[in-house]
K.L.:
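Structure provided below as structure tokens; questions to follow.
Just so it is clear, the structure is predicted and the values come from calculations on it, not from any experiment.
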Amino acid sequence: MALTVSSDLSVSVTTDQNVNKLTDMQEVLKRRIQKGESKSLGISQVMLGFMIISYSVPLLSSEFTEVVMFGVPWWSGISFVIAGTVALIMEKHSSVSLVFICMVLTLFAAVISVIAIIIYMVDIVNHPQTTCQSNTMPKCGVEYHLTRLSVEVKSILMSLSMVQTGIASAFALILYRERQNFNNYMFVN
């Protein structure tokens with residue numbers, strides 16, 4: 001708000017150009033964020049998180065390895081769901097500070113997915129599938145089927161975590177660029 005006093009002592013109130021510019025830049029930020037990238041990537045993260053959690057249920061019926069003992073599918077899936085939910089919230093209520101929060105959570109989800117991939121790899125190497133004993137009465141024993149199920153489920157979970165790493169990394173880069181474009185306008189609500 002700008003205040004001007006003329007020579008006849010009349011006062012006029014006008015809007016300040018800086019406030020107008022900041023408000024315009026905030027609207028540009030909202031339009032850029034609401035293009036749909038954050039919504040589609042947020043939905044992808046939420047879906048991957050729920051898929052990882054639901055696909056990990058069969059691991060409870062197999063041998064308890066490091067993946068199950070550490071709860072890798074559950075904490076990684078929950079971190080993906082949280083990051084995706086914040087991205088969906090950001091799409092509706094966009095601000096520079098919310099972009100930063102979403103970027104941090106998305107980077108955290110990317111780091112968690114890399115850690116999960118490493119744990120899945122180590123677990124698959126440490127607990128390989130047993131061989132089928134064809135000379136037994138049933139063609140293959142129960143242990144063979146349990147280890148096969150365990151290795152295959154962990155392979156699927158590792159693949160989903162790799163997809164999550166790609167999505168989270170790309171989304172964090174997009175959010176970083178958006179935040180850099182509007183870094184000067186951070187204090188506008």
Side-chain angles (χ1 to χ4, degrees), residues 29-130 144-181:
L29 174 65
K30 285 182 181 181
R31 279 191 303 254
R32 283 183 138 186
I33 289 175
Q34 291 174 346
K35 282 192 301 188
E37 292 172 346
S38 62
K39 186 175 186 177
S40 60
L41 292 171
I43 289 172
S44 299
Q45 286 183 321
V46 169
M47 285 178 44
L48 278 170
F50 283 130
M51 285 174 60
I52 287 174
I53 292 169
S54 64
Y55 286 7
S56 65
V57 172
L59 289 177
L60 296 173
S61 65
S62 66
E63 179 185 353
F64 274 39
T65 61
E66 289 84 11
V67 168
V68 176
M69 286 188 288
F70 294 148
V72 175
W74 297 282
W75 50 258
S76 64
I78 289 171
S79 72
F80 305 156
V81 169
I82 291 170
T85 303
V86 171
L88 292 173
I89 291 170
M90 184 189 68
E91 197 265 334
K92 289 214 180 239
H93 310 285
S94 53
S95 68
V96 177
S97 58
L98 197 54
V99 169
F100 177 73
I101 291 169
C102 186
M103 181 184 68
V104 168
L105 286 174
T106 303
L107 281 173
F108 178 72
V111 169
I112 290 293
S113 61
V114 169
I115 292 169
I117 290 168
I118 292 169
I119 293 174
Y120 288 133
M121 284 181 176
V122 168
D123 194 73
I124 289 172
V125 168
N126 288 343
H127 304 282
Q129 178 179 336
T130 58
Y144 167 77
H145 292 292
L146 285 177
T147 57
R148 180 175 178 184
L149 173 72
S150 177
V151 168
E152 289 176 357
V153 168
K154 290 172 195 167
S155 299
I156 291 170
L157 294 174
M158 184 174 63
S159 300
L160 291 173
S161 294
M162 287 178 185
V163 170
Q164 171 61 20
T165 302
I167 289 173
S169 300
F171 190 39
L173 181 64
I174 290 169
L175 292 173
Y176 177 75
R177 287 183 180 161
E178 287 299 322
R179 186 169 183 274
Q180 288 303 105
N181 288 339

K.L.:
Check the pair F171, S44 against side chain to side chain contact (heavy atoms under 4.5 Å, CB included), reporting the backbone distance first and the verdict last.
P.N.:
CA-CA 11 Å; F171 190 39; S44 299; over 6 Å; no
K.L.:
If we ignore hydrogens and angles and just use 3.5 Å, is the side chain of W75 paired with the main-chain N or O of I112 as donor and acceptor?
P.N.:
no
K.L.:
Can you check whether F80 reaches V46 side chain to side chain, under 4.5 Å on heavy atoms?
P.N.:
no
K.L.:
If you round to the nearest 0.5 Å, how far is CG of L157 from CD of Q164?
P.N.:
13.0 Å
K.L.:
Taking the side chain as everything from C-beta on, heavy atoms only, tell me whether V72 gets closer than 4.5 Å to D123.
P.N.:
no
K.L.:
Applying side chain to side chain contact (heavy atoms under 4.5 Å, CB included), run through V81 and Q45 and close with a yes or a no.
P.N.:
CA-CA 6 Å; V81 169; Q45 286 183 321; over 6 Å; no
K.L.:
Drop me the distance from I78's CD1 to F50's CZ, to the nearest 0.5 angstrom.
P.N.:
9.0 Å
K.L.:
Give the C-alpha distance, both sets of side-chain angles, the deciding distance and a yes or no for side chain to side chain contact (heavy atoms under 4.5 Å, CB included) between C102 and T106.
P.N.:
CA-CA 6 Å; C102 186; T106 303; 3.9 Å; yes
K.L.:
Test side chain to side chain contact (heavy atoms under 4.5 Å, CB included) on W74 and I53; report intermediate values, then the result.
P.N.:
CA-CA 5 Å; W74 297 282; I53 292 169; 4.0 Å; yes
K.L.:
Are any side-chain N or O atoms of S76 and backbone N or O atoms of P73, one a donor and one an acceptor, separated by less than 3.5 Å?
P.N.:
yes
K.L.:
Is there a side-chain contact between I124 and S155 (heavy atoms, below 4.5 Å)?
P.N.:
yes
K.L.:
Between L107 and A172, which heavy-atom pair has the shortest distance, and what is it?
P.N.:
CD2-CB, 3.6 Å
K.L.:
Could you tell me whether a side-chain N or O of S150 sits under 3.5 Å from a main-chain N or O of L146, the two making a donor and an acceptor?
P.N.:
no
K.L.:
Shortest non-hydrogen contact from S161 to S113?
P.N.:
O-CB, 3.7 Å
K.L.:
I need the M90 CE to L98 CG distance, nearest 0.5 Å.
P.N.:
6.5 Å
K.L.:
Give, for atom CG of L88 and atom NZ of K39, the distance between the pair rounded to the nearest 0.5 Å.
P.N.:
8.0 Å
K.L.:
For the residue pair T65 and M69, establish whether any side-chain heavy-atom pair is separated by less than 4.5 Å.
P.N.:
no
K.L.:
Do K154 and S56 get their side chains close enough for a donor-acceptor pair, meaning under 3.5 Å?
P.N.:
no
K.L.:
Measuring from I118:CD1 to M158:CE, what's the distance to the nearest 0.5 Å?
P.N.:
11.5 Å
K.L.:
Using every non-hydrogen atom in the two residues, find where L105 and V86 come nearest and quote the distance to one decimal.
P.N.:
CD1-CG2, 3.4 Å
K.L.:
List the atom of T165, the atom of A110, and the distance in Å for their closest heavy-atom pair.
P.N.:
OG1-O, 4.4 Å
K.L.:
To the nearest 0.5 Å, how far apart are CD in Q129 and CG in L149?
P.N.:
10.0 Å
